[in-house]
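Here is how names work: the chains are called A, B, and so on, in the same order as the sequence lines, proteins then strands, and each is numbered from 1.
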Amino acid sequence: MTPAFHLFNSNRSYLNLRHYLRLCHYTTTTPPSIAKQLQEHHRHQHNRTKPLLSSLESKSHQPLISLIKSCTQKSSLLQIHGYLIRNSLLHYPTISLPFLSRMALSPIHDIAYSRQFFSQIPNPSVFLYNTLIRAYSMSNSPIEGFLMYQEMREKGLRADPVSLSFVIKCYIRVCSLIGGEQVHARILSDGHQSDSLLLTNLMDLYSLCDKGSEACKVFDEMPQRDTIAWNVLISCYMRNRRTRDVLIIFDGMLSGEFGCEPDDVTCLRLLQACSNLGALEFGEKVHGHIVERGYDNATNLCNSLIAMYSQFGNMDKAFDVFKGMHNKNVVTWSAIISGLAMNGYGREAIGAFEEMLKMGVLPDDLTFTGILSACSNCGLVDKGVVIFARMSKEFGIVPNIHHYGCMVDLLGRAGQLHQAYQLIMSMRVKPDSTIWRTLLGACRIHRNVILGERVVEHLIELKAQEAGDYVLLFNLYSSVGNWEKVTELRKFMKEKGIQTTPASSSIELKGKVHEFVVDDVSHPRKVEIYEMLDEICKQLKIAGYVAEITSELPNLDAEEKKYVLSYHSEKLAIAFGVLATPPGTTIRIAKNLRICVDCHNFAKLLSGVYNRQVIITDHTRFHHFRGGHCSCNDYW
DNA sequence: GTTATTTCCT
């Protein structure tokens with residue numbers, strides 16, 4: 001079988017299907033070398049083989065079926081199709097079904113041809129329909145899948161759970177909730193409510209259609225739940241931001257109370273959950289499990305580990321994972337480059353990029369997003385401009401909105417506001433609000449009111465203005481002392497009812513989240529916290545800290561401003577961190593809004609004076625303070 | 001016949 005098949009599949013110019021089937025006949029009893037000789041023989045006697053075939057055709061279809069099942073090339077299947085027609089073999093389901101599977105599914109996946117083949121079959125069975133519906137569920141026209149399903153039912157054929165599974169897949173592709181509900185009803189009416197696999201599919205459909213509660217209901221009604229069902233529930237929870245519950249599920253799986261264990265997919269999703277939550281300890285636990293189960297060979301899991309540790313600001317661990325990998329792909333390199341970039345190791349990120357090229361790994365668009373953000377985070381303007389040019393010239397990558405975003409940030413923060421504006425205007429893609437917002441932030445840093453106003457106009461044009469944009473503009477006016485505009489804008493915001501989000505900072509200690517707002521007095525340890533904050537201010541003043549009056553509150557006099565600034569939520573959270581953790585512990589704070597200049601200075605000095613690493617994530621940036629410096633290199 | 005595919009500008 002094998003040598004004959006090999007000859008057939010690789011050398012079809014010499015052999016046709018008839019020869020092949022004859023070879024199969026011989027090679028069951030003849031060694032491969034003889035089969036090869038036979039092939040030579042038939043090459044010379046191409047047209048004199050017919051009489052020999054008649055005996056074969058009456059025999060079992062088994063060699064033909066085996067051949068079909070192992071076909072990987074469409075050309076081979078086309079030959080077989082002709083043979084099937086000539087010999088009236090289409091009505092044999094044992095032949096037509098494997099044929100359709102090969103033609104319709106990957107790797108060949110020729111849907112049009114499959115449909116044509118299907119139409120030639122006299123009375124297609126449910127299995128044939130299923131195969132075609134399955135193929136449609138993976139194609140660009142999933143709608144055809146449920147049309148086939150309808151056709152099948154109109155012909156009086158009864159859909160089995162497999163048909164329904166693939167119909168669900170089709171509905172998933174187009175996010176059809178109504179379709180899902182219909183299939184759900186059919187599942188119940190046909191008595192398939194104990195088919196866990198089918199129900200898992202249905203759950204996935206509900207979850208993807210934003211019907212988390214329906215998905216959960218299906219899950220609850222399942223008679224038994226395997227790891228995959230739990231994984232789908234985890235995905236559903238993550239889509240609905242129930243990230244905390246994902247961690248609970250993982251614990252439940254580990255404890256054995258669910259009767260199934262976490263697999264590699266579970267771990268992958270959990271790493272994402274931990275990254276989102278900033279749950280460092282839990283992430284380490286998942287890492288432990290990955291090692292224990294031997295999943296640490298899986299490149300995708302290691303890549304996620306690198307991303308997670310980078311997000312925690314723990315580049316040592318990220319690097320450990322990186323070093324231990326044997327199969328580093330583009331994603332691996334991109335992950336470590338982005339990790340270094342966001343932690344302020346710009347030059348190391350560029351070093352990693354060069355190393356990657358040396359190893360012969362081709363960068364993709366996301367690699368460049370990482371490397372360009374490294375340049376913008378560290379103020380490596382010239383380097384960034386060179387790499388941006390190389391990207392399209394040398395690697396043929398057309399810059400996307402993210403790349404432009406990095407460049408606007410890079411030029412803008414470096415004070416080259418005009419170049420940044422020119423770059424946006426020259427973009428082939430339509431600038432989005434993020435791009436303009438980036439430039440607005442840069443205008444705020446460099447106090448460029450004229451450009452700032454123009455940028456706001458662009459935001460208004462996009463109908464994308466947010467409260468935060470007005471705050472930026474507000475701060476921009478006040479930073480140059482334009483009180484007239486400040487008052488005007490404040491009035492405008494009041495009239496329009498523009499609500500600014502109150503700032504808050506949170507810090508996690510031993511699994512408990514402590515949240516602070518400006519002037520917060522709700523914490524049980526508030527007295528100690530305020531004492532600690534005073535003490536810190538005293539120490540920092542010795543080191544040269546001067547509270548920056550950002551003039552964000554024009555009605556207050558200088559003394560009052562200083563007072564208010566001292567009690568920004570991030571300062572309270574930092575003071576609590578210093579108070580409640582042993583010396584040297586890294587303090588991690590999540591902030592809902594942009595950190596202000598003063599708090600940035602405060603944290604920077606504190607990281608040196610108190611020898612503490614401070615990591616503050618706000619909605620725009622990741623600040624890693626250590627040894628009196630910040631990863632954003634003061635391109636705040 | 002089922003889940004997840006990792007890296008991403010403010």
(message) What is the distance, to the nearest angstrom, from the CG atom on A:Asp226 to the P atom on B:dA4?
(response) 14 Å

(message) From CG of A:Leu199 over to P of B:dG1, roughly how many Å is that when rounded to an integer?
(response) 18 Å

(request) Quickly work out the A:Ile228 CD1 to B:dT3 P distance and round it to whole Å. (result) 8 Å

(request) Answer with yes or no after comparing the ring centroid distance for A:Tyr309 and A:His287 against a 6.0 Å cut-off, counting only values under it. (result) yes

(request) Can you sort out the partners of A:Tyr404 under side-chain hydrogen bond (donor to acceptor under 3.5 Å, both in side chains), two or more places apart, ordered by chain and number? (result) none

(request) Using whole Å, report how far CG of A:Asn231 lies from C1' of B:dA4. (result) 7 Å

(request) Would you indicate what A:Asp469 reaches in the nucleic acid, counting non-hydrogen atoms under 4.0 angstrom: base, sugar-phosphate, or nothing? (result) nothing

(message) Once you apply a heavy-atom cut-off of 4.0 Å, does A:Leu233 come out as touching a base, just sugar-phosphate, or nothing?
(response) nothing

(request) Would you please say whether a donor-acceptor pair under 3.5 Å links the side chains of A:Asp409 and A:Thr438? (result) no

(request) Supply the atom-to-atom distance A:Leu271 CG to A:Ile306 CD1, rounded to the nearest 0.5 angstrom. (result) 11.5 Å

(request) Check DNA chain B against residues 344-354 of chain A and give the residues with a non-hydrogen atom under 4.0 Å, in numerical order. (result) none

(message) Would you compute the distance between atom OG of A:Ser189 and atom NE2 of A:His184 and round it to the nearest 0.5 angstrom?
(response) 10.5 Å

(request) Taking the six-membered ring for Trp and the full ring for Phe, Tyr or His, determine whether the centres of A:Trp333 and A:Phe353 are under 6.0 Å apart. (result) no

(message) If I take atom CD1 in residue A:Ile249 and atom C1' in nucleotide B:dT3, what distance separates them, rounded to the nearest angstrom?
(response) 13 Å

(request) Check whether the ring centres of A:Phe166 and A:Tyr136 lie less than 6.0 Å apart, and answer yes or no. (result) no

(request) Answer with yes or no after comparing the ring centroid distance for A:Tyr171 and A:Phe146 against a 6.0 Å cut-off, counting only values under it. (result) yes

(request) Take the protein atom OH of A:Tyr237 and the nucleotide atom C1' of B:dA4, then report the distance between them rounded to whole Å. (result) 18 Å

(request) Quick one, give me the B/S/- string for nucleotides 5-10 of chain B, reading 5' to 3', where B means a protein heavy atom under 4.0 Å from the base and S means that only happens at the primed atoms, P, OP1 or OP2. (result) SBBBBB

(message) Please report the distance, rounded to the nearest Å, between CD1 in A:Ile172 and P in B:dG1.
(response) 17 Å

(message) Using whole Å, what does the distance between atom C1' of nucleotide B:dT3 and atom CG of A:Asp263 come to?
(response) 8 Å

(message) Would A:Arg225 pass as a cation-pi partner of A:Phe219, given that its NZ or CZ must be under 6.0 Å from the six-membered ring centre and within 45 degrees of the axis?
(response) yes

